[in-house]
2 protein chains.
Amino acid sequence: MKLNQTAYAILGILSFHPRQSGYHIRKTIETTVGFFWGESFGQIYPTLKRLAAEDLIVPDGAPTGSKNRLEYALTPAGHACLEEWLAVPYRSDPPRDEFLLKLFFGGEAAPAISIEHIRKFRERNQRLLATLEQVESLSAQQNANQPGYPFWMLTLSFGLAQVRSALVWSESALASLQAMEAAGPTIASRIPERKGSI
Amino acid sequence: MKLNQTAYAILGILSFHPRQSGYHIRKTIETTVGFFWGESFGQIYPTLKRLAAEDLIVPDGAPTGSKNRLEYALTPAGHACLEEWLAVPYRSDPPRDEFLLKLFFGGEAAPAISIEHIRKFRERNQRLLATLEQVESLSAQQNANQPGYPFWMLTLSFGLAQVRSALVWSESALASLQAMEAAGPTIASRIPERKGSI
DNA sequence: ACACACATGTAATTGGTTACATGATTTC
DNA sequence: GAAATCATGTAACCAATTACATGTGTGT
C-alpha cells in the first residue's frame, strides 16, 4: 500500500469535505490549495479507484447526490492513513523554476526579453495577490469556525508574503534591467569564442 | 528537434562556462542555480549525447582536459537555440509544495506535528539564507565583471527576498501554532462523522 | 590500503500531463 | 436547440528520479 501524493491530497480534501466526486475534488483543490498544489483528472480518477480498493474511501451514492456522479467519503482507515502521512517529514522535491532559469541566462539575449519575462511574472503575481486577498476576506466570513481554519490561514499568509515579496522584487528587477537597456547597446550580440568545427 | 528543459539548462551553463564535462555541468548547476533548479546524471548524460547528435554542442577532448572525462563546448547553432528558447515565454508548471499541503491539512493531526514541519522549514531556510549570502559576497568579488553577472544577481536577490520573507513568516506561524497548542487540548482527536460500512 | 571524489553511463520505474472519447445536465 | 459546464474515464506519452553498474584518480 504505497500511495502517491495525489492520494494524500484527496484524503486531505475529503477529511473536511465529506462526500465529493472526483470532479468536485478537483474544483476544491483548485480553489483552496490551487496556488501551491495541482491535480489533473488523469490522476484523480484512477487514484480514487485505488483508494476505494484499499478501503481508505468508500463510494457513497446516497441521499443528496445521485446525478451521474459518484461521491466518496473517508473511512476511519483513510483518516488514519492521512494522519500517518502528516506525521512523516515533508520532502521538498528538487525545485524547477523556468522563469528563474531563463532570467539567469538572460545575459545571452537582449535585456528586452528578460524585461518581458519579468513583466509577465509581475502580472501573474498581481493577479494571484488579488485572488488571495479575496480568499482571505471571504474565508474569514465563511470558514472562521471550521477546525482547519487556522491552518488554512497559515498557508494563505505564506502565499501572501511570498507574492508580495515577489512583487517588490519585480519592481527593482525591472528598474535595474531598464537602466541596463538604456545604458549599453545589447551586450547579447556577441558569439561565444570557440575553436574549430561547425 | 524538440528539447527538454535539461537540454536548455545545459546549453545555458555551457554558454558562459565553455568546455565542461557532464559531471562538471551538474556541479555547476548545483552551485549556481541549485536553489531553483536541479539535474540528475540520469538526465544529463543522455541529453548531452542528444545535443551532440543535433550539433548544438561538440565533444572537445582537447588541450587542458583529457583525463577520463569528455568535455563539451557550445556551437553557434547551440547558442542560437538557447537564444530562441530564452525568447519563448516561460511556462510555470503546476506547483506542488508538499510542505504547504501538509500544513494545510494540519488540523487533522496534533499541532505539534505542524510545528515540527515549520521548524524544519525554518532551518532549511536559515541554511539557504546563509549559503545565498555567501554566494552574494563571493560572487561580487569573483564574477562582477562577467557579462551575465547582473542577471545572476537578479536571481540571487529574488532568492534572498523569498527566503527572508519565508523566515519572517515562519516565526509568526510558529507563534500562532504554539499559542494554539497551549490553548486547546488537541482538536485532532475527533473522527469524521460518517454513516455505515467498514 | 582505504576512502572519497571524479567520472560516465544504463535500466527500471514512476509520477504525472495531455489528449482523446463520451455523455448528462443546466442555462440561456 | 445550442452552448457551457458538469462528469468520468482511458491511452499515449514523457520527463525525470533512483538505483544500479563500473571504473579511475587522488589524498591520507
Side-chain angles (χ1 to χ4, degrees), chain A residues 1-11 13 17 19-31 33-34 36-53 57 59-61 64-72 85 90-98 101, chain B residues 1-11 13 17 19-31 33-34 36-53 57 59-61 64-72 85 90-98 101:
Chain A
M1 182 180 75
K2 226 193 57 192
L3 300 175
N4 59 11
Q5 293 181 304
T6 300
Y8 296 107
I10 291 174
L11 292 179
I13 296 296
H17 256 173
R19 310 251 315 283
Q20 294 212 2
S21 65
Y23 187 87
H24 204 165
I25 286 172
R26 205 217 182 191
K27 274 270 149 113
T28 306
I29 286 177
E30 221 169 55
T31 56
V33 294
F36 61 82
W37 200 267
E39 289 295 347
S40 61
F41 288 130
Q43 195 76 347
I44 284 181
Y45 286 112
T47 304
L48 280 172
K49 295 224 157 155
R50 259 198 80 195
L51 288 173
I57 63 178
D60 185 350
T64 64
S66 69
K67 318 204 175 190
N68 59 334
R69 84 181 106 128
L70 184 51
E71 298 180 329
Y72 292 90
W85 172 75
Y90 71 92
R91 63 172 179 84
S92 41
D93 29 27
R96 286 202 145 194
D97 188 321
E98 197 178 285
L101 193 65
Chain B
M1 184 181 69
K2 225 194 54 190
L3 300 175
N4 58 11
Q5 292 181 305
T6 300
Y8 296 108
I10 291 174
L11 293 177
I13 296 295
H17 256 172
R19 309 252 315 283
Q20 295 212 1
S21 66
Y23 187 86
H24 205 165
I25 286 172
R26 204 216 181 192
K27 274 269 148 117
T28 306
I29 286 177
E30 220 168 55
T31 57
V33 295
F36 60 82
W37 199 266
E39 289 295 348
S40 62
F41 288 131
Q43 195 76 345
I44 285 181
Y45 286 113
T47 305
L48 280 172
K49 296 223 156 153
R50 260 199 78 195
L51 288 173
I57 63 178
D60 186 349
T64 64
S66 70
K67 316 204 176 190
N68 60 333
R69 83 181 108 130
L70 185 52
E71 297 180 328
Y72 291 89
W85 173 74
Y90 72 90
R91 64 171 177 85
S92 41
D93 28 26
R96 287 204 147 193
D97 189 320
E98 196 179 284
L101 192 66

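Just so it is clear, the model here is predicted, and its values are computed rather than measured. Chain naming here is simple, since letters A, B, ... match the order of the sequence lines and numbering starts at 1 in each.
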Atom [atom1] of [X] and atom [atom2] of [N]: how far apart are they, to the nearest Å?
{"X": "B:R69", "N": "C:dG9", "atom1": "CZ", "atom2": "C1'", "value": "17 Å"}
{"X": "A:I25", "N": "D:dC6", "atom1": "CD1", "atom2": "C1'", "value": "15 Å"}
{"X": "A:I44", "N": "C:dG15", "atom1": "CD1", "atom2": "C1'", "value": "14 Å"}
{"X": "A:H24", "N": "C:dT25", "atom1": "NE2", "atom2": "P", "value": "18 Å"}
{"X": "A:Q20", "N": "D:dC6", "atom1": "CD", "atom2": "P", "value": "13 Å"}
{"X": "A:L51", "N": "D:dT8", "atom1": "CG", "atom2": "P", "value": "15 Å"}
{"X": "A:Y45", "N": "D:dC6", "atom1": "OH", "atom2": "C1'", "value": "9 Å"}
{"X": "B:R50", "N": "C:dT10", "atom1": "CZ", "atom2": "P", "value": "15 Å"}

For [X], enumerate each residue passing the side chain to side chain donor-acceptor pair (under 3.5 Å) test, keeping only those at least two apart in sequence or located in another chain.
{"X": "B:W85", "value": "none"}
{"X": "B:Q20", "value": "B:H17, B:T28"}
{"X": "B:S92", "value": "A:R124"}
{"X": "B:S40", "value": "none"}

Phosphate-side-chain proximity, [X] and [N], N/O vs OP1/OP2 below 4.0 Å:
{"X": "A:S21", "N": "D:dT8", "answer": "yes"}
{"X": "B:K27", "N": "C:dC6", "answer": "yes"}
{"X": "A:Y23", "N": "D:dT8", "answer": "no"}

**Message:** Measuring only between side-chain heavy atoms, which start at C-beta, is B:L70 closer than 4.5 Å to B:L48?
**Reply:**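 Not in contact.
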**Asked** Does some side-chain heavy atom of B:Q5 sit less than 4.5 Å from a side-chain heavy atom of B:W37?
**Response**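 When only atoms from C-beta onward are counted, B:Q5 and B:W37 do touch, with a gap below 4.5 Å.
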Return the polar atom pairs (N/O with N/O) between nucleotides 16-18 of chain D and the protein under 3.5 Å, or none.
from: D:dA16; atom 1: OP1; to: A:R96; atom 2: NH1; distance (Å): 2.0
from: D:dA16; atom 1: OP1; to: B:Q5; atom 2: OE1; distance (Å): 3.0
from: D:dA16; atom 1: OP2; to: B:T6; atom 2: OG1; distance (Å): 3.4
from: D:dA16; atom 1: OP2; to: B:Q43; atom 2: NE2; distance (Å): 2.9
from: D:dA16; atom 1: O5'; to: A:R96; atom 2: NH1; distance (Å): 3.1
from: D:dA16; atom 1: O5'; to: B:Q43; atom 2: NE2; distance (Å): 3.4
from: D:dT17; atom 1: OP2; to: B:S40; atom 2: OG; distance (Å): 2.6

**Prompt:** Mind checking what makes ring pair (Phe, Tyr, Trp, His ring centres under 6.0 Å) contact with A:Y23, not counting sequence neighbours?
**Reply:**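 Partners of A:Y23 by the ring pair (Phe, Tyr, Trp, His ring centres under 6.0 Å) criterion, ordered by chain and then number, come out as A:F41.
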